[in-house]
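Just so it is clear: chains get the letters A, B, ... in the order the sequence lines come, proteins before strands, and each one is counted from 1. As a basis for the values below, the full set of heavy atoms in this structure was taken, side chains included, without hydrogen atoms, waters or symmetry mates.
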Protein chains: 2
Amino acid sequence: MKCPTYHIFFKNLANPLKVNIISLLKYKEMNVNELVKELKEEQSKVSHALSALNHCNIVVSRQSGKNKIYSLNKTTIVPMLKLIDKHKCKYCPGR
Amino acid sequence: MKCPTYHIFFKNLANPLKVNIISLLKYKEMNVNELVKELKEEQSKVSHALSALNHCNIVVSRQSGKNKIYSLNKTTIVPMLKLIDKHKCKYCPGR
DNA sequence: CTGACATATGAAGGAATATTCATATGAAGT
DNA sequence: ACTTCATATGAATATTCCTTCATATGTCAG
């Protein structure tokens, strides 16, 4: 009756950095360094985050020369974030 | 450009106990003690969880005599969990 | 207003997750 | 093969979150 796996997926969306990565990838695919510069975060931090997102198939990657290009698996995430927007973040505490 | 509040909402869904509460409330509204018995968890634990869910308007409550009855704000949550089902938890590591 | 039941709250400890740093792996050009 | 740039990995620490316990608050009945 209970789904013990939901929370593993949502753990990714419960993390500001990962959400920011998702937000950027909504507009265009990007390689790791582009994300690092845009987010002003440590390279390894971004890499760890991408790895987690990739495990849950939230992002996918392809190699392009020396770079690895990440893009969003939009089919699940985009509708989900739209639902939240409708729900209104104003209900949530903290900024 | 980034929505800094998404993750506060999703933190609730990243927690097994809170997801289990949501699952139970999908079928019928319940008071705290009923949830405690059904989930076999500490009363204060359940109470803390309900408080967090309530802050994000995922559940709502009403007083009924000595009891407080919680019910699910289904408009956001149910479609969201359906999206995940479609996405297939099989992509996620760990059971 | 007292006692019994129902739920909430706060603070401390413990568990899980994130961040950091050092380093490893990989890809491409020379 | 060597160097450089790009990304990944692992382990230690830092931080955040969860759990627990003790107790407070609230509601009703008598």
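Mapping Lys45(A) and Ser64(A) onto DNA chain C by nearest heavy atom places Lys45(A) closer to the 5' end of the strand. Projected onto DNA chain C by closest heavy-atom contact, Gly65(A) and Asn31(B) fall at different nucleotides, the more 5' of which corresponds to Asn31(B).
Contact of Gln43(A) with dA8(D) (side chain to base): a donor-acceptor pair of N or O atoms is detected under 3.5 Å.
The CD-C1' distance, from Glu42(A) to dA8(D), rounds to 14 Å in whole Å. The CG atom of Leu50(B) sits 15 Å away from the C1' atom of dT19(D) (whole-angstrom rounding). Distance CZ (Phe10(B)) to P (dC17(D)): 16 Å, rounded to an integer number of Å. Between the P atom of dT7(C) and the CE atom of Met30(B) lies a distance of 11 Å, rounded to the nearest Å. If you take CG of Leu39(B) and P of dT7(C), they are 13 Å apart, rounded to a whole angstrom. Atom CD of Glu41(A) and atom C1' of dT19(C) are 10 Å apart (whole Å). Rounded to a whole Å, the CG atom of Asn67(B) is 14 Å from the C1' atom of dA8(C). Look at CD on Gln63(B): it is 8 Å from C1' on dT7(C), rounded to the nearest Å.
Side-chain contact between Lys11(A) and Asn15(A): absent, with no pair of heavy atoms (C-beta onward) separated by less than 4.5 Å. Proximity of Ile58(A) to Leu72(A): side-chain heavy atoms (C-beta onward) are separated by under 4.5 Å at one or more points. Leu13(A) places a side-chain heavy atom less than 4.5 Å from the side chain of Met80(A). At least one side-chain heavy atom of Ser71(A) sits under 4.5 Å from a side-chain heavy atom of Val60(A). Side-chain atoms of Leu83(B) and Pro79(B), non-hydrogen and from C-beta on, never get closer than 4.5 Å to each other.
The side chain of Lys11(A) contributes an N or O atom lying less than 4.0 Å from OP1 or OP2 of dT17(C). Applying the 4.0 Å criterion to OP1 and OP2 of dC5(C), one finds that Asn33(B) has every side-chain N and O outside that range. Considering only side-chain N and O atoms, Asn15(A) lies nowhere under 4.0 angstrom from the phosphate OP1 or OP2 of dT17(C). Residue Lys18(B) has a polar side-chain atom (N or O) positioned under 4.0 Å from OP1 or OP2 of dC18(D). The phosphate of dA8(C) has OP1 or OP2 within less than 4.0 Å of a side-chain N or O from Lys68(B). Taking only side-chain nitrogens and oxygens, Tyr70(A) comes nearer than 4.0 Å to OP1 or OP2 of dA8(D).
If you check every strand for non-hydrogen atoms under 4.0 Å, Ser44(A) touches a base.
In the set dA6(D), dT9(D), dT20(C), the nucleotide with an atom closest to the side chain of Ser47(A) is dT9(D). Ranking dT7(D), dT9(C), dT19(C) by closeness to the His48(B) side chain, first place goes to dT9(C). Distances were taken from every side-chain heavy atom of Lys66(A) (C-beta onward) to each of dA6(C), dA27(C), dT9(C); the shortest belongs to dA27(C).
Judged purely by atom type and a 3.5 angstrom limit, Asn67(B) has no side-chain atom pairing as donor or acceptor with the backbone of Ile69(B).
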